[in-house]
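What follows is one structure encoded as structure tokens, with my remarks underneath.
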Amino acid sequence: MKTFASIEEAFQWWLENIYPSLPPDVKKGKPVSAWRDYKHGGGVSEKRMKEILTEFGPFEIQTIITYKT
């Protein structure tokens, strides 16, 4: 199990470690357009990163918000 501090950190890890091993037919559409946008400075929204991570990788995304008094 691997834990990430942010969605962007997880997405970057996914691009470097999971994306290259996806079969060519799976790389069409969402994954390749997100890869291009991210790598070439076009930007990828957090919502889009979450969609990619949950659809193309075994990720569980939780949001933890802590208020300390």
Side-chain angles (χ1 to χ4, degrees):
M1 181 160 71
K2 187 159 181 59
T3 304
F4 303 94
S6 68
I7 295 295
E8 187 169 352
E9 181 184 332
F11 189 72
Q12 171 115 19
W13 183 88
W14 178 84
L15 285 174
E16 294 169 358
N17 296 280
I18 304 296
Y19 177 78
S21 63
L22 291 176
D25 60 317
V26 175
K27 285 185 180 178
K28 296 177 183 171
K30 281 186 198 179
V32 74
S33 66
W35 174 83
R36 278 190 198 125
D37 290 347
Y38 190 82
K39 289 295 184 181
H40 298 292
V44 178
S45 70
E46 188 173 292
K47 179 182 175 185
R48 190 168 161 208
M49 287 181 194
K50 286 180 181 179
E51 288 174 359
I52 297 287
L53 291 174
T54 56
E55 188 173 342
F56 298 99
F59 285 87
E60 178 182 313
I61 298 173
Q62 299 176 358
T63 302
I64 298 173
I65 301 169
T66 305
Y67 174 75
K68 297 182 180 185
T69 57

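Counting begins at 1 with the first residue of the sequence. Note that these values count all heavy atoms, side chains included, but never hydrogens, waters or copies made by symmetry.
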Legend entry - side-chain contact (heavy atoms from CB on, under 4.5 Å) against T66, all qualifying residues, sequence neighbours excluded: I64, K68

Inset, instruction - Would you please name every residue forming a side chain to side chain donor-acceptor pair (under 3.5 Å) with N17, sequence neighbours left out? - result: none

Legend entry - Between CD on residue E60 and CE on residue M1, distance to nearest 0.5 Å: 8.5 Å

Legend entry - For V32, the rest of its hydrophobic cluster, which grows through side-chain links under 4.5 angstrom: F4, I7, F11, W13, W14, L15, I18, Y19, L22, V26, W35, Y38, V44, M49, I52, L53, F56, F59, I61

Inset, instruction - Can you establish whether the number of heavy atoms outside E16 located under 6.0 Å from its atom CD is more than 12? - result: yes

Legend entry - Qualifying salt bridge (charged side-chain N to carboxylate O under 4.0 Å, His left out) pairs with a residue from residues 43-54, counting only residues at least two apart or across chains: D37-R48, E46-K50

Inset, instruction - Please list all pairs passing the salt bridge (charged side-chain N to carboxylate O under 4.0 Å, His left out) test where one or both residues lie in residues 18-36, with sequence neighbours left out. - result: K30-E55

Legend entry - Residues in salt bridge (charged side-chain N to carboxylate O under 4.0 Å, His left out) contact with E8, at least two apart in sequence or another chain: none

